[in-house]
A.B. asks: 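Sending over a structure as structure tokens; questions will come in a sec.
All values derive from a computational prediction rather than experimental measurement.
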Amino acid sequence: MDFDVPILTDADFGEVPPPPAKPAPTAESLVDGLTEPQKQAVLHTEGPLLVLAAAGSGKTRVITRRIAYLVHCGVPPWQILALTFTNKAAGEMRERVFSLLGQHEGGTNRATRGLTITTFHSLCARLLRRHAEAAGLKPDFAIYDSADQLTIVKKAIEACQLSTANFQPRSVLGVISNAKNDLIDAEQFAQSSLDFSTKCIAKVYSSYTTALRRANAVDFDDLLLLTARVLSRNEQVRAACRDRWQYLMIDEYQDTNKAQFQIASIIAGGGGGESGGELRTSGPNICVVGDPDQAIYGWRGADISNILDFERYYPAAATIKLGENFRSTAPILAVADHLIKRNRRRKDKPLFTVKTGGEKVEVNKCRDERHEATVVAQWLRSRHESVDKGGQGLAWREMAIFYRTNALSRVMEEALREYNVPYTIARGTAFYDREEIKNALAYLRVVANSADSVSLGRIVNVPSRGIGDTSYDRIEMFADQSGVTVLDAMHRVGEVPDLTARAVNATTKFVQMVDGWISPNTLLAAAGGSKLSELVDRVIRESGLEAMYKAQAATSKTETDAERLDNLAELVSSAAEFEQEYDPGSDPMNTTGGTPSVLDMLRAYLESIALVADADAVDPSQGSVTLMTLHAAKGLEFGGVAMIGLEEGLLPHMRAQQSEPAMEEERRLCFVGITRAMRRLLITSSNYRTMRGMSERTIPSRFLSELPAEHVSVRNLSDVSGGLGDEWGEQHDSGDIEFSDAARAPSRPKLNAPFPVGCEVRHPQFGLGKVQAVTGGANARVTVAFRGLGVKTLVLEYARLTRV
DNA sequence: GGATACTCTTAATGT
DNA sequence: AAGAGTATCC
């Protein structure tokens, strides 16, 4: 089936010049100032290498120097592939390597040309576009985000004649996503499904996949899954990749999932577990860097055993441990180390610093979330204004606030405004999540990919132009029956049955509008110039979006309405900016190799938007305190850090309560937060927190009681009005901190006899499950965790549960 | 067909 | 508290 598969040419990832004649840096300069183990890691260039890099141990330094050293040794840069998880990490790495090699990014340079430093997802997108046919895709596929996925999965559930009440789109999507991360496609999933509900999900999975392909789209998980599949099944693609990349480096290896593991293993070529893989003569030059204690993406399918079993998989592997921390003060490090030692499933490893002195870690217990926000805002002010004895103040940009869930940022923001603390929130997609931007992008996505049914459905009647739900449903149905795309069906609107004359007219006009954007622009943009931003601007105006938001801004005087037009203008600027930085040489869609068409550029632009991460939005040059989730904080460091919401149910999160591995992941998350701090760390909890509109009593996080008292100063500010609380943390001179609140945690609610918590039950539709909780008397409800379906709350009286 | 009012549910982390 | 989804009205 794989005829004429194009192989991976050097041009796919930039032009490849002859090897550099004389490298700029000397070998000595590249290991200058490194510790002994760091040096070893840099100099170990051949064969598999595992670098266990503890938090703050200079990991990035080692990776970048190692890449530079490889080039120094005469390895052609295009043979080097370095993979990260975020664009920001890739960008930083690129920048540092370039500067080590004495180059500037963007410059045409022989020392760095063809060097590939990118994210897993970008790499996969590029490979899939280049080898689309082998992957069963069209090269101009769209990348669907989670909102798009939800739309598709909802339709798929309905198409399978299931109810979205019993099969919640979100949870079904979760099951599908997990399967994909484990490299299980719809067919395999169906084969291994036994019980009723799993079989239903298998049908949905299959129907979901079909719908995605019909829309000429892939989801995030597909990027990895399909790449892994193409690499393992297609000889030529595999050979091309192995040929091209002789040296592979992977950052944050503890967070790789099965798909990523397979991609890496295949490109590296060989390894104990791989069957039928041709071993390289020189042995796989794969270098992975990570820290099992910072594995926080298990919920996304990441598998710690990838890093834990690296040596077993590559018996020839060398292992280097970087345990010395150069980031944090001794007390902060001691607190982190003491906490992480609680994890049972863990390899104990040293984490140390030669530094002495440093402030204790502060733990403040607050009254409620408002109070907590105030305490944090004041603390940041104090740090900034250098209230410390002898210490110099921290710049705003040197400080950050971490929280477990995004919802916690709101109250924090209010307090920061009140106290005049400048701040930015690290949400990469925030801009693109706005309604007006999503609408504009949906228009553009239809231009880029006329099969994109989700985007088309979104904009077909925005602004309203007389194509309502009924008409659109009929057009969609006609498209389904005729096996054409919805846009094609709209072209043939005269053939669609039961449409009103008005709807036919409106549709014709709409189609003409869209055609107008596509036709002249499919031609090559010979003139160069600002074609992409022009297209974006045109679409915003001609679609009527601009007029619509103008009208809205005129009538309603709310701030958000006024901002919408500005945001649309900003989108045009962002397109112009992208255009400036766009490198046609590295775009696999630019098959001609010549001047790219506007469509090529548009697709590249949309792809770059689809792949932005929250962490990408962290920009210290802003001169403000950064607010972010603990997940986004990984890999960063700040002079001062405040971690909020250390409460049971929040950190550790409610959903982790039932499982030991999940609980340990929460602990690692807490560990990651602590180890971001260089000099000062404040941890807060709140006695009451408003959730779901109601203020509820909280229980302090178990992690607080797992901190070493000698390095922590606890203050209870909760029942003091205004002033300082009692410093009762000092009375414990050794061992763990005890929290009186944790000790007198409210007793569990009394349980009804027939279904005690923990018992196994069977539901006629959902199958087997385990009872999580029982509440109420008259209208008693049971919360049951069903196999594969997740947790559901049922009304006991109607649930028809039987005990197993 | 489209807009509005109401009820209802509903809470993680993110490429 | 806020958003989504439904019911109802024009």
A.B. asks: Specify the separation, in whole Å, of atom CG of A/Leu630 and atom C1' of B/dA12.
C.D. replies: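 To the nearest whole Å, that distance equals 11 Å.
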
A.B. asks: By the 4.0 Å heavy-atom rule, please label A/Ser471 as base, sugar-phosphate, or nothing.
C.D. replies: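 Here A/Ser471 touches the backbone only, sparing every base.
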
A.B. asks: In terms of side-chain heavy atoms of A/Thr405, which of B/dG2, B/dT13, C/dG5 is nearest?
C.D. replies: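 Closest nucleotide to the A/Thr405 side chain: B/dT13.
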
A.B. asks: Identify whether the distance between the nearest side-chain nitrogen and carboxylate oxygen of A/Lys258 and A/Asp182 falls below 4.0 Å.
C.D. replies: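 No, A/Lys258 and A/Asp182 are not salt-bridged.
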
A.B. asks: Looking at every strand, decide which applies to A/Asn406 at a 4.0 Å heavy-atom threshold: base, sugar-phosphate, or nothing.
C.D. replies: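 Touches sugar-phosphate only.
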
A.B. asks: Would you tell me if any nitrogen or oxygen in the side chain of A/Lys154 comes within less than 4.0 Å of OP1 or OP2 on C/dG5?
C.D. replies: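 Checking A/Lys154 against C/dG5: at least one side-chain N or O falls below 4.0 Å of OP1 or OP2.
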
A.B. asks: When you measure from the side chain of A/Gln168, which nucleotide among B/dG14, B/dT10, C/dG5 comes out closest?
C.D. replies: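 Looking only at side-chain atoms, A/Gln168 lies closest to B/dT10.
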
A.B. asks: Select from A/Gly693 and A/Arg465 the residue whose nearest nucleotide in DNA chain B is closer to the 5' end of that strand.
C.D. replies: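 Looking at the nearest nucleotide for each, A/Arg465 comes out on the 5' side.
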
A.B. asks: Rounding to a whole Å, what distance do you find between A/Met628:CE and B/dG14:P?
C.D. replies: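 In whole Å, B/dG14 P and A/Met628 CE are 11 Å from each other.
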
A.B. asks: Give the rounded distance in Å between these two atoms: CD1 of A/Ile263 and C1' of B/dT15.
C.D. replies: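 Distance check: A/Ile263 CD1 to B/dT15 C1' gives 12 Å.
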
A.B. asks: Any ion pair linking A/Glu696 and A/Arg689 (charged N to carboxylate O, less than 4.0 Å)?
C.D. replies: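 Not counted as a salt bridge, because no side-chain N and carboxylate O are separated by less than 4.0 Å.
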
A.B. asks: B/dA12, B/dG1, B/dA3: which one has an atom nearest the side-chain heavy atoms of A/Ser464?
C.D. replies: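 Ranking B/dA12, B/dG1, B/dA3 by closest atom to the A/Ser464 side chain puts B/dA3 first.
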
A.B. asks: Quickly work out the A/Leu150 CG to C/dG5 C1' distance and round it to whole Å.
C.D. replies: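 These atoms are roughly 13 Å apart.
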
A.B. asks: Whole angstroms only, please: what is the CD-C1' distance between A/Glu252 and B/dT15?
C.D. replies: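 Going from A/Glu252 (CD) to B/dT15 (C1'), I get 13 Å.
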
A.B. asks: So which nucleotide from C/dA2, B/dA12, B/dG2 ends up closest to the side chain of A/Arg655?
C.D. replies: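 Minimum distance to the A/Arg655 side chain belongs to B/dA12.
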
A.B. asks: Name the atoms and distances for all side-chain donor-acceptor pairs under 3.5 Å in residues 499-510 of chain A, with sequence neighbours left out.
C.D. replies:
residue, atom, partner, partner atom, Å
A/Thr500, OG1, A/Ala503, N, 3.1
A/Thr507, OG1, A/Ala503, O, 2.7
A/Thr508, OG1, A/Val504, O, 2.7

A.B. asks: Between A/Arg697 and A/Asp368 (salt bridge meaning N to carboxylate O under 4.0 Å), is one present in this structure?
C.D. replies: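 Between A/Asp368 and A/Arg697 there is no salt bridge, as every charged N stays at least 4.0 Å from the carboxylate O atoms.
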
A.B. asks: Can A/Glu666 and A/Arg404 be counted as an ion pair, charged N to O under 4.0 angstrom?
C.D. replies: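 A salt bridge is present here (some side-chain N lies under 4.0 Å from a carboxylate O).
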
A.B. asks: If I take atom CZ in residue A/Phe220 and atom C1' in nucleotide B/dT13, what distance separates them, rounded to the nearest angstrom?
C.D. replies: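 Atom CZ in A/Phe220 sits about 15 Å away from atom C1' in B/dT13.
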
A.B. asks: Which nucleotide sits closest to the side chain of A/Arg410: B/dT15, C/dA2, B/dT13?
C.D. replies: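 Of the candidates, C/dA2 comes closest.
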
A.B. asks: Using a cut-off of 4.0 Å on non-hydrogen atoms, how would the nucleic acid contact of A/Phe120 be classed: base, sugar-phosphate, or nothing?
C.D. replies: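 A/Phe120: no heavy atom of the nucleic acid under 4.0 Å.
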
A.B. asks: Taking any heavy-atom pair under 4.0 Å as a contact, classify A/Leu669: base, sugar-phosphate, or nothing.
C.D. replies: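 It contacts nothing in the nucleic acid.
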
A.B. asks: List for me each residue that meets side-chain hydrogen bond (donor to acceptor under 3.5 Å, both in side chains) alongside A/Ser409, sequence neighbours excluded, and say none if there are none.
C.D. replies: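 Result, side-chain hydrogen bond (donor to acceptor under 3.5 Å, both in side chains) vs A/Ser409: none returned.
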
A.B. asks: Contact class for A/Glu666 vs. all strands (heavy atom < 4.0 Å): base, sugar-phosphate, or nothing?
C.D. replies: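 Result for A/Glu666 = base.
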
A.B. asks: Let me know the distance between CD of A/Gln260 and P of B/dG14, rounded to the nearest Å.
C.D. replies: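 Answer to the nearest Å: 16 Å.
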
A.B. asks: Given the C1' atoms of C/dG5 and B/dA12, what is the spacing between them in whole Å?
C.D. replies: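 That atom pair is separated by 23 Å.
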
A.B. asks: So if I take every side-chain heavy atom of A/Thr470 and compare against B/dA12, B/dT15, B/dG1, which nucleotide ends up nearest?
C.D. replies: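 For the A/Thr470 side chain, the nearest candidate turns out to be B/dG1.
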
A.B. asks: From the list B/dT13, B/dG1, B/dG2, which nucleotide is the closest neighbour of the side chain of A/Asn461?
C.D. replies: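 Given the options B/dT13, B/dG1, B/dG2, the side chain of A/Asn461 is closest to B/dG2.
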
A.B. asks: A/Asp614 CG to B/dG14 P: how many Å, rounded?
C.D. replies: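 Taking atom P of B/dG14 as the reference, CG of A/Asp614 is at 5 Å.
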
A.B. asks: Take atom C1' in C/dA4 and the same atom in B/dT13, then report the distance between them in whole Å.
C.D. replies: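 Taking atom C1' in both C/dA4 and B/dT13, they lie 22 Å apart.
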
A.B. asks: Out of B/dG1, B/dG2, B/dG14, which nucleotide sits closest to the side chain of A/His631?
C.D. replies: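 Ranking B/dG1, B/dG2, B/dG14 by closest atom to the A/His631 side chain puts B/dG14 first.
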
A.B. asks: Reading DNA chain B from 5' onward, which residue's closest nucleotide shows up sooner: A/Thr500 or A/Tyr297?
C.D. replies: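 Checking each residue's closest nucleotide, the 5'-ward one belongs to A/Thr500.
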
A.B. asks: With a 4.0 Å cut-off on N to O distance, would you call A/Arg129 and A/Glu607 a salt bridge?
C.D. replies: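 Yes, A/Arg129 and A/Glu607 are salt-bridged.
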
A.B. asks: For B/dA12, does OP1 or OP2 lie under 4.0 Å from any side-chain N or O of A/Thr629?
C.D. replies: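 Answer is no, no contact under 4.0 Å.
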
